[in-house]
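See below for the structure under consideration.
Whatever order the structure lists ligands and atoms in, that order sets their numbers, starting from 1. Side-chain atoms are counted along with the backbone in the values below, which use heavy atoms only and exclude waters and symmetry mates.
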Amino acid sequence: MEGNGQHVSRRYFLQRLCAIGLAGGGSVLLSACGGGDAGAACDDLSDLTDAQKEQRQQMVESLSYVEETPSENQYCANCSLYTQPEDGEQCGGCQLLPGPVHPNGYCTSWAPA
Ligand code: SF4
């Protein structure tokens, strides 16, 4: 029980640190925040309707969204259109496409936060 609670606390702390650090543009924290972790995809679309899934797919294609940014300094977590993950979640959101967005993702509409 205690060990589990510590794990949650560490995770919560790390998420808060990531939110603050990445908003400031610190790419050093990316790996600690899950960026570049190929096993942590933000591709669970089970909360979306069929129409939202279709809209997402269209936006992914038109914006060339990828889950791993090709840029050192531009990624979803420091984009003004990114919405922070809820507590306990790794994936955030985007004002342009429905569904989860990876903090280390990128698209052609990236704008500095
Ligand atoms: Fe990521 Fe693009 Fe959305 Fe910005 S606009 S959060 S870069 S998907």
For [atom], which protein heavy atom lies nearest, and how many Å away is it?
atom: atom 1 (Fe) of ligand 1; value: Cys76 SG, 2.3 Å
atom: atom 7 (S) of ligand 1; value: Cys107 N, 3.6 Å
atom: atom 4 (Fe) of ligand 1; value: Cys79 SG, 2.3 Å

Query raised in the report: So is Thr83 in contact with ligand 1, going by heavy-atom distances below 4.0 Å?
Result: no

Spell out, as yes or no, whether a donor-acceptor pair under 3.5 Å connects the side chain of [X] to the backbone of [Y].
X: Tyr106; Y: Glu67; value: no
X: Thr108; Y: Ser64; value: no
X: Arg56; Y: Pro100; value: yes
X: Glu54; Y: Ala51; value: no

**Report entry** SG proximity flag Cys42/Cys91, limit 2.5 angstrom
**Finding:** yes

Requested in this report: Identify, by atom number and element, the atoms of ligand 1 in contact range of Leu97, meaning under 4.0 Å from any of its heavy atoms.
Outcome: 8 (S)

Query raised in the report: Which of the numbered atoms in ligand 1 are below 4.0 angstrom from a heavy atom of Leu81?
Result: 5 (S)

Query raised in the report: Is the distance between atom 3 (Fe) of ligand 1 and the nearest N/O/S atom of Cys94 smaller than 2.8 Å?
Result: yes

Report task. Have a look at ligand 1 and work out which part of Thr108, if any, has a heavy atom under 4.0 Å from it: side chain, backbone, both or neither. Result -> neither

**Report entry** Ser71-Asn73 side chain donor-acceptor pair, cut-off 3.5 Å
**Finding:** no

